[in-house]
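Just below is one structure, and these are the notes that go with it.
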Amino acid sequence: MENQKVRVRFAPSPTGPLHIGGVRTALYNYLFAKKHGGDFILRIEDTDSQRFVAGAEEYIIDAFNWLGIQFDEGVDYTTNKATIRQSERKPIYKQYVDQLLTEGLAYIAFDTPAELDAKRAEIANFQYDASIRSLMRNSLTLPKETVNTLISEGNQYVVRIKIEPGHDIIVNDLIRGEVKINSSILDDKVLFKSADQLPTYHMANIVDDHLMEISHVIRGEEWLPSAPLHVLLYRYLGWESTMPKFAHLPLLLKPDGNGKLSKRDGDRLGFPVFPLQWTEKDGNISTGYREAGYLPDAVVNFLALLGWNSGTEQEIFSMQELIEIFSLDRCSKSGAKFDFEKGKWFNHKYIQQKSNEEIAALFAPILIENGVTVSTEKTIQIVGMVKERVNFVKELWAQSSFFFVAPTTYEEKTVQKRWKAETPAQLIELIDVLNEISDVTPHATEEIVKAWIAEKEYHLGNIMNAFRLAIVGESKGPHMFDITAIIGKEETIARLKYAIETIK
RNA sequence: GGCCCAUUCGUCUAUCGGUUAGGACGCCAGGUUUUCAUCCUGGAAAGAGGAGUUCGACUCUCCUAUGGGCUACCA
């Protein structure tokens with residue numbers, strides 16, 4: 001048992017796009033598995049036929065592909081389809097439900113939703129426990145013949161776990177330590193529904209984790225309250241000695257206010273909560289980290305540090321470094337508010353870290369979108385000049401559009417500040433100076449222009465800022481002579497002439 | 001309402017009884033940049049409250065408060 005191979009799973013329900021909190025849970029599972037040379041498994045928990053959403057499963061696999069998180073089992077990467085679905089394992093669960101039934105550890109209940117609602121209204125703090133079940137219509141209160149008759153007549157029923165009250169159940173959590181709960185506050189949870197012949201989450205989850213030899217269950221804190229039930233199920237099924245170890249992760253919280261992070265927060269606060277874009281049935285589109293311009297490794301890094309830290313002051317980690325250094329005992333216990341600003345910073349860092357070639361390749365489609373045709377070589381060069389000023393690849397356009405498109409208007413504030421009465425005459429002189437230059441490299445041009453400014457005793461700042469305004473249209477951008485070298489002498493002069501004519 | 005979990009700068013966090021309570025994001029200031037941004041330097045900024053235990057508590061215990069989760073024939 002102690003030397004058992006590490007096998008962990010990510011077990012989403014295909015009820016919609018994968019939430020960023022789910023991504024983090026999966027990431028921690030992945031890091032833990034890889035750290036220990038174990039397996040990471042995808043299992044689709046589609047036991048709720050009502051809430052199934054088409055496309056969700058594909059979305060989940062696409063998202064992890066984008067993030068660079070690979071499953072060892074549960075995905076067929078030639079077709080990009082999930083291979084383990086609970087909805088396809090009905091007979092397996094049924095077998096164990098029957099086992100519990102014959103051993104008297106579970107029972108059949110015929111209560112209708114209406115009957116249950118009535119009881120809830122009647123009894124404060126209603127829970128379906130030892131005292132209540134004696135008042136309800138189930139195989140514990142009804143004669144055996146009646147039960148059989150009800151079933152054969154086609155009445156729907158559920159199977160409930162039979163919980164004995166009055167004893168403590170201990171859950172040993174790797175992150176939280178020992179959590180003790182008294183069985184009296186647990187209710188007889190539904191394990192199986194006759195209507196669709198499917199188990200509920202709890203039953204399917206325990207059976208699958210056991211059968212798949214899962215060693216560690218790493219999941220969100222929202223599962224902590226049902227962990228005692230799960231321990232009980234392992235016990236009832238006779239699997240307690242090989243029960244996986246539990247680790248309940250803190251939740252991702254809203255950046256403002258209270259509550260856990262939800263899809264609506266993204267819409268409301270203007271940041272993605274999904275890895276990839278998702279289009280709903282009604283056509284509503286929720287943006288994703290990918291579409292927002294995030295680099296997948298930046299997202300991974302950012303998420304890894306939301307609820308875990310290395311204990312060092314390092315903050316930038318590659319996936320490989322994370323795998324080496326990750327450990328569950330450095331996970332924090334309290335929920336983490338989602339800080340979108342820090343996410344931007346991570347992306348900025350990752351953009352700087354990448355080569356100009358890589359960033360240029362991501363920028364190329366944006367150039368095409370803007371109707372610009374330019375060589376790869378030049379794109380790489382320009383990216384090198386402006387990438388340090390952006391957080392996202394798409395911001396590169398605003399920082400570099402003047403390389404491709406001449407300004408037709410000029411920022412008013414800068415005109416006021418930089419365009420003096422003598423400026424037009426000086427720039428006409430500058431055109432003459434530039435015309436004489438044969439070596440247009442940044443350095444050579446700079447030498448000559450500066451020599452002219454010095455000779456005429458002009459104010460360097462005044463000339464250069466007016467020059468920049470004419471070429472860029474505003475007061476921003478890289479070194480002036482780097483810009484002129486890229487756009488060329490003809491274009492530089494044309495822009496100067498246009499500015500002289502246009503700016504009054 | 002009941003049960004469970006949590007609580008260090010605005011945010012993410014370090015600290016595993018003895019520290020000037022450290023780092024990062026963000027913010028502010030200065031520097032670099034002939035511009036803008038980047039970058040560099042500096043600054044403001046925290047132990048929820050109250051009882052214990054201890055020579056000594058951010059750290060251990062209890063109470064309170066606050067936040068979060070669960071309380072479905074959802075997962």
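Protein chains get the first letters and strands the later ones, always in sequence-line order, with residue 1 at the start of each. If you're wondering where the values come from, they're calculated on a predicted model, not measured in any experiment.
- Rounded to whole Å, the P atom of rU64(B) lies 24 Å from the corresponding atom of rC70(B).
- In this structure, Asn205(A) reaches neither bases nor backbone, as no heavy-atom distance under 4.0 Å exists between it and the strands shown.
- Using a 4.0 Å cut-off, no side-chain N or O of Thr312(A) falls inside it from OP1 or OP2 of rG23(B).
- Note that Arg133(A) lies outside the cation-pi zone of Tyr128(A), set by a 6.0 Å cut-off to the ring centre and a 45° limit from the axis.
- Across rC39(B) and rC4(B), the matching C1' atoms stand 48 Å from one another, rounded to whole Å.
- Base contact: Leu460(A) has a heavy atom under 4.0 Å from a base atom.
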Please assess Leu198(A) against Asp46(A) for the test side-chain contact (heavy atoms from CB on, under 4.5 Å), listing each intermediate value before the final yes or no. CA-CA 10 Å; Leu198(A) 276 168; Asp46(A) 53 351; over 6 Å; no
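- Using a 4.0 Å heavy-atom distance criterion, Val158(A) is classed as a base contact.
- For Phe302(A) and rC12(B), the CZ to P distance is 11 Å, given to the nearest whole Å.
- As the counterpart of rU32(B), no nucleotide is assigned, since no Watson-Crick or G-U wobble pattern has both distances under 3.5 Å.
- rC16(B) and rG10(B) are spaced 27 Å apart, taking the C1' atom of each and rounding to whole Å.
- Among the atoms of the strands shown, only primed sugar atoms or phosphate atoms (P, OP1, OP2) are found under 4.0 Å from some heavy atom of Ala336(A).
- To the nearest whole angstrom, the two P atoms, one in rA46(B) and one in rG31(B), are 27 Å apart.
- Residue contacts for Arg176(A): at a heavy-atom cut-off of 4.0 Å it reaches the sugar-phosphate backbone alone, with no base atom in range.
- Within 4.0 Å of Pro250(A), counting heavy atoms only, lies no atom of the nucleic acid at all.
- Going from atom CG of Leu251(A) over to atom P of rU7(B) covers 14 Å, rounded to whole Å.
- For Trp419(A) and Tyr410(A), the distance between ring centers is not under 6.0 angstrom.
- Using a 4.0 Å heavy-atom criterion, one finds that Thr47(A) contacts the sugar-phosphate atoms exclusively.
- Taking atom NZ on Lys254(A) and atom P on rG67(B), their separation rounds to 14 Å, with Å as the unit.
- Between the NZ atom of Lys337(A) and the C1' atom of rC12(B) there is a distance of 12 Å, rounded to whole Å.
- As rounded to the nearest Å, rC58(B) and rG1(B) have C1' atoms that lie 34 Å from one another.
- One finds a side-chain N or O of Ser332(A) lying less than 4.0 angstrom from the OP1 or OP2 phosphate oxygen of rU13(B).
- Using modelled atom types, no side-chain atom of Lys354(A) and backbone atom of Leu295(A) make a donor-acceptor pair closer than 3.5 Å.
- In this entry rA21(B) has no Watson-Crick or G-U wobble partner, no candidate having both defining distances under 3.5 Å.
- Aromatic rings from Phe10(A) and Phe71(A) are positioned such that their centres are separated by 6.0 Å or more.
- Side-chain nitrogen and oxygen atoms of Arg468(A) include none within less than 4.0 Å of the OP1 or OP2 phosphate oxygen of rA37(B).
- Here Lys189(A) does not reach the OP1 or OP2 of rA75(B): none of its side-chain N or O atoms lies under 4.0 Å away.
- Nucleic acid contact for His459(A): none, since no nucleic acid atom lies under 4.0 Å from a heavy atom of the residue.
- Atom C1' of rG67(B) sits at a distance of 22 Å from the matching atom of rU61(B), rounded to the whole Å.
- Under 4.0 Å is where a charged nitrogen must lie from a carboxylate oxygen, and between Glu474(A) and Lys413(A) no such pair does.
- Across all strands, Arg219(A) comes closer than 4.0 Å to no nucleic acid atom at all (heavy-atom distances).
- Distance noted for atom P between rG69(B) and rC27(B): 29 Å (whole Å).
- Using a 4.0 Å cut-off, some side-chain N or O of Asn309(A) falls inside it from OP1 or OP2 of rA14(B).
- With a cut-off of 3.5 Å on both Watson-Crick or G-U wobble distances, the partner of rG26(B) is given as none.
- Annotation: rG49(B) and rU8(B) have their P atoms spaced 11 Å apart (nearest Å).
- OP1 or OP2 of rC70(B) has at least one side-chain nitrogen or oxygen of Lys260(A) nearer than 4.0 Å.
- Within the 4.0 angstrom heavy-atom criterion, no nucleotide atom of any strand lies near Pro12(A).
- The separation between His248(A) atom NE2 and rC70(B) atom C1' is 11 Å, rounded to whole Å.
- Gly307(A) comes within 4.0 angstrom of the backbone, heavy atoms only, and of no base.
- Base pairing annotation: rA6(B) forms a Watson-Crick or G-U wobble pair with rU66(B), both donor-acceptor distances under 3.5 Å.
- If you look at Tyr59(A) and Trp278(A), their ring centroids are closer than 6.0 Å.
- Checked against the 6.0 Å centroid criterion, the rings of Trp345(A) and Tyr350(A) do not qualify as a close aromatic pair.
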